[in-house]
Amino acid sequence: MKELYLQNSLTKKKELFKPITEGFIGMYVCGPTVYSDVHLGNVRTFISFDIMYRFLLHLGYKVRYVRNITDVGHLLDDGEDRISKGARADKLEPMEVVQKYTNGFHKMMDIFNTHRPSIEPRATQHILEQIEMVQQIIDNGYGYEANGSVYFDTLKFHEEKKCYGKLSGRVIDELLVETRDNLKNQSDKKHPSDFAIWMKAAPEHLMKWNSPWSVGFPGWHLECSVMSTKYLGETFDIHGGGNDLKFPHHENEVAQNVGACNCQPANYWLHTNMLLMNGRKMSKSDGNTITPDQLFTGDSPHITKAYSPMVIKFFMLQSHYSSTNDLVDDGLLAAEKGYRRLMEAQKTLAELQTTGAGNELDTDVTGPLDKFITEMCDDFNTPRAIAQLFELVTKINSFKEGHLDINKISVDTLARLQKDFPCYISKVLGLKNEIEAGNNGELEGVMQLVLDLRQDARANKNWAISDKIRDALAEAKIVVKDGKDGSSWTMN
RNA sequence: GGUCGCGUGGCCGAGCGGUUAGGCAGAGGUCUGCAAAACCUCGUACACCAGUUCGAAUCUGGUCGCGACCUCCA
């Protein structure tokens with residue numbers, strides 16, 4: 001199997017990937033909290049992990065991809081549960097809220113052509129296991145109960161295990177100082193950096209369960225520790241999430257797992273970077289935000305036109321997952337053209353044939369093909385991998401135009417190109433050909449007739465008729481291109 | 001305030017000690033009835049200042065600017 005290198009947040013180094021069990025990979029990614037419509041930033045993160053999942057499958061691994069749905073315990077600043085807030089706002093039962101936005105999330109991820117995870121567990125389905133882990137943490141001496149809530153003892157944990165803050169680069173002494181002001185209204189905690197693993201519920205709280213400590217609900221960080229352990233084991237291969245989750249969420253997750261099982265949950269931690277818009281983080285409060293639907297319809301002051309899901313996805317893949325990605329109209333416009341050129345080349349490629357008389361140009365084709373995989377093996381470098389695809393676009397077009405002699409590549413090489421090029425685009429990068437999708441059989445027949453008539457006019461040098469047909473079609477968003485071997489058309 | 005990261009040609013965006021990133025836009029050319037498309041050629045960019053080095057966008061220090069996290073966020 002090809003060597004794969006990953007940038008590991010835990011060690012802050014790029015490392016050769018070694019799975020725990022040869023040929024198998026366990027991957028856990030923190031999923032969304034389903035209390036409102038999906039944010040575009042979520043979309044980028046989950047597209048990034050989908051690409052990783054797809055590529056690992058392509059390399060031949062058997063991957064168990066677990067991505068949770070957070071449906072309890074994720075609190076707002078004022079301490080209110082996000083789901084409860086959504087329930088109040090929409091006048092729904094909490095579980096109706098969860099279902100509504102889970103459905104919406106799935107629909108959006110389908111629109112962006114991502115795979116569903118192998119397992120998609122919900123926090124509320126794992127209350128028993130969460131209670132068990134809380135008990136384990138208490139038994140190991142890292143949890144303490146106060147007024148019905150249970151807290152994780154970060155100071156004791158750090159004194160014994162010396163690893164609190166390793167993932168996020170925090171120093172526990174600083175954490176104690178920094179959050180001192182917040183201590184006043186959280187006096188149940190021994191130390192300000194301690195965090196709740198079980199919370200006693202107020203009487204009006206909508207979602208609560210019985211436990212040895214109180215009628216309450218689990219802490220947000222706990223659910224991921226529990227569900228990753230349940231489905232992937234105490235130690236698994238890859239844990240992912242947005243880099244805004246590094247602290248406190250992932251740091252606390254590590255602490256809980258080490259505290260409960262005395263082992264690191266994941267060998268490799270991967271963090272995706274944020275999606276920006278016009279150079280600033282997307283934020284609802286200052287209007288610097290855009291929804292997927294607004295992008296699809298063009299209904300936003302930030303963009304000049306509508307963009308299709310695949311164009312948006314292609315735009316995102318042109319930057320590396322660990323870099324910020326700045327969503328700007330010019331960038332989207334450029335991505336749209338590049339994406340179309342890629343799709344056109346795919347169509348052109350399907351029609352190429354070679355006699356295989358020579359093989360002088362074989363490496364021109366196999367080189368970029370090989371390099372695509374090499375780049376992807378280098379921490380999923382999609383921008384560089386896509387650059388290799390464009391090298392091939394030029395080759396494909398040159399073969400078609402006759403600028404390069406197609407008979408100078410072997411039958412096998414052309415066959416490989418015709419198999420791998422579309423495979424990399426659709427299977428590895430998950431890009432669908434939206435241009436093709438707009439066509440249908442009936443239109444195909446009509447267009448053939450129209451182009452035949454126009455060809456007759458051209459043969460008679462009747463440019464007036466010929467141009468009239470072309471202009472009228474352009475009005476209907478159909479672009480006619482006159483090539484050497486007749487005319488072709490595409491939907492614009 | 002603390003921690004971390006970033007500043008690349010008109011725009012997006014890779015690279016992270018010597019070798020063309022790539023896409024889009026722009027200029028010239030080939031082809032074509034014209035156009036479009038396609039192909040070929042082209043710009044010689046790395047915030048600023050100082051240092052290390054035979055050699056720096058890439059390493060070190062400083063300056064300025066931006067961002068993320070520290071409190072809910074993918």
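Each chain gets a letter, A, B and so on, in the order its sequence line appears, and its residues count up from 1. Everything numeric in this text was worked out from a predicted model, so none of it was measured. Only heavy atoms go into these numbers, but all of them, side chains included; no hydrogens, no water, no symmetry mates.
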Check every strand shown and say whether A:L404 touches a base, only sugar-phosphate, or nothing at a heavy-atom separation below 4.0 Å.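 Contact class for A:L404: none.
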
Give one of base, sugar-phosphate or nothing for A:H249, where a contact means two heavy atoms less than 4.0 Å apart.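 Here A:H249 touches no strand at all.
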
Under the rule for ring pair (Phe, Tyr, Trp, His ring centres under 6.0 Å), what residues qualify as partners of A:H205, not counting sequence neighbours?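 A:H205: ring pair (Phe, Tyr, Trp, His ring centres under 6.0 Å) contacts with A:F217.
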
Which residues within residues 41-56 of chain A lie with some heavy atom under 4.0 Å of an atom in RNA chain B?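 The answer is A:G41, A:N42, A:T45.
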
Using whole Å, what does the distance between atom [atom2] of nucleotide [N] and atom [atom1] of [X] come to?
{"X": "A:D379", "N": "B:A14", "atom1": "CG", "atom2": "C1'", "value": "13 Å"}
{"X": "A:D244", "N": "B:C69", "atom1": "CG", "atom2": "C1'", "value": "9 Å"}
{"X": "A:N243", "N": "B:U3", "atom1": "CG", "atom2": "C1'", "value": "13 Å"}
{"X": "A:M282", "N": "B:C69", "atom1": "CE", "atom2": "C1'", "value": "19 Å"}
{"X": "A:L473", "N": "B:A35", "atom1": "CG", "atom2": "C1'", "value": "14 Å"}
{"X": "A:F247", "N": "B:G5", "atom1": "CZ", "atom2": "C1'", "value": "18 Å"}
{"X": "A:L451", "N": "B:A36", "atom1": "CG", "atom2": "C1'", "value": "14 Å"}
{"X": "A:R280", "N": "B:A68", "atom1": "CZ", "atom2": "C1'", "value": "14 Å"}

Taking the same atom, [atom1], in [N] and in [M], what whole-Å distance lies between them?
{"N": "B:U8", "M": "B:C46", "atom1": "C1'", "value": "4 Å"}
{"N": "B:G33", "M": "B:G43", "atom1": "C1'", "value": "34 Å"}
{"N": "B:A56", "M": "B:C40", "atom1": "P", "value": "33 Å"}
{"N": "B:C49", "M": "B:U58", "atom1": "P", "value": "13 Å"}
{"N": "B:A57", "M": "B:G17", "atom1": "C1'", "value": "10 Å"}
{"N": "B:A27", "M": "B:A35", "atom1": "P", "value": "15 Å"}
{"N": "B:C12", "M": "B:G7", "atom1": "P", "value": "12 Å"}
{"N": "B:G51", "M": "B:G5", "atom1": "C1'", "value": "23 Å"}

For [X], which residues count as a side-chain hydrogen bond (donor to acceptor under 3.5 Å, both in side chains) partner, sequence neighbours excluded?
{"X": "A:Y321", "result": "A:D379"}
{"X": "A:N8", "result": "A:E15"}
{"X": "A:D378", "result": "A:K14"}
{"X": "A:Q130", "result": "none"}

Apply salt bridge (Lys or Arg N to Asp or Glu O under 4.0 Å) to the pair A:D482 and A:R454, showing each step before the final yes or no. CA-CA 11 Å; A:D482 298 326; A:R454 181 164 171 274; 3.0 Å; yes

Worked check of ring-ring contact (aromatic ring centres under 6.0 Å, His included) between A:H250 and A:H271: CA-CA 10 Å; A:H250 291 157; A:H271 286 100; 5.0 Å; yes

Take the angle between the ring planes of [X] and [Y] and call it parallel below 30°, perpendicular above 60°, tilted in between.
{"X": "A:F55", "Y": "A:F380", "answer": "perpendicular"}
{"X": "A:Y164", "Y": "A:F157", "answer": "perpendicular"}
{"X": "A:W269", "Y": "A:H239", "answer": "parallel"}

Candidates [options] - which lies nearest the side chain of [X]:
{"X": "A:R170", "options": "B:A38, B:C70, B:C34", "value": "B:C70"}
{"X": "A:S323", "options": "B:G13, B:A14, B:G33", "value": "B:A14"}
{"X": "A:D467", "options": "B:G33, B:A74, B:C12", "value": "B:G33"}
{"X": "A:D326", "options": "B:C12, B:C69, B:G33", "value": "B:C12"}
{"X": "A:T33", "options": "B:G15, B:A74, B:A35", "value": "B:A74"}
{"X": "A:V479", "options": "B:A36, B:A35, B:C69", "value": "B:A36"}

With nearest nucleotide decided by heavy atoms, which residue, A:L327 or A:S168, maps closer to the 5′ end of RNA chain B?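 Per heavy-atom nearest nucleotide, the more 5' residue is A:S168.
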
Nearest-nucleotide 5' precedence on RNA chain B, A:R384 against A:P32: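 That would be A:R384.
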
State whether the distance check finds a donor on one side and an acceptor on the other, under 3.5 Å, for side chain [X] versus base [N].
{"X": "A:H39", "N": "B:A74", "value": "yes"}
{"X": "A:T324", "N": "B:G5", "value": "no"}
{"X": "A:R470", "N": "B:A35", "value": "yes"}

Extract all donor-acceptor atom pairs below 3.5 Å that involve side chains of residues 467-476 of chain A and protein atoms in other chains or at least two apart in sequence.
none

Are any protein N/O atoms closer than 3.5 Å to N/O atoms in nucleotides 22-24 of chain B? If there are, list each pair with its distance.
{"residue": "B:G23", "atom": "OP1", "partner": "A:R341", "partner atom": "NH2", "Å": "3.2"}
{"residue": "B:C24", "atom": "OP1", "partner": "A:R341", "partner atom": "NE", "Å": "3.1"}

Determine which bases of RNA chain B form Watson-Crick or G-U wobble pairs with both distances under 3.5 Å, and write the result as a 5' to 3' dot-bracket string with | for other-strand partners. (((((((..(((.....[...))).(((((.......)))))....(((((..]....))))))))))))....

In chain order, what residues pass the salt bridge (charged side-chain N to carboxylate O under 4.0 Å, His left out) check against A:D50, with sequence neighbours excluded?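 Checked A:D50 against salt bridge (charged side-chain N to carboxylate O under 4.0 Å, His left out); matches are A:R54.
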
A:T324: side-chain contact (heavy atoms from CB on, under 4.5 Å) partners, not counting sequence neighbours: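 Per chain and number, A:T324 pairs via side-chain contact (heavy atoms from CB on, under 4.5 Å) with A:N273, A:L276.
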
B:G13 OP1/OP2 closer than 4.0 Å to side-chain N/O of A:N325: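 So the side-chain polar atoms of A:N325 do come within 4.0 Å of the phosphate oxygens OP1 or OP2 of B:G13, strictly under.
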
Which pairs, with at least one residue in residues 322-338 of chain A and sequence neighbours excluded, count as a salt bridge (Lys or Arg N to Asp or Glu O under 4.0 Å)?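 Qualifying pairs: A:K305-A:E336.
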
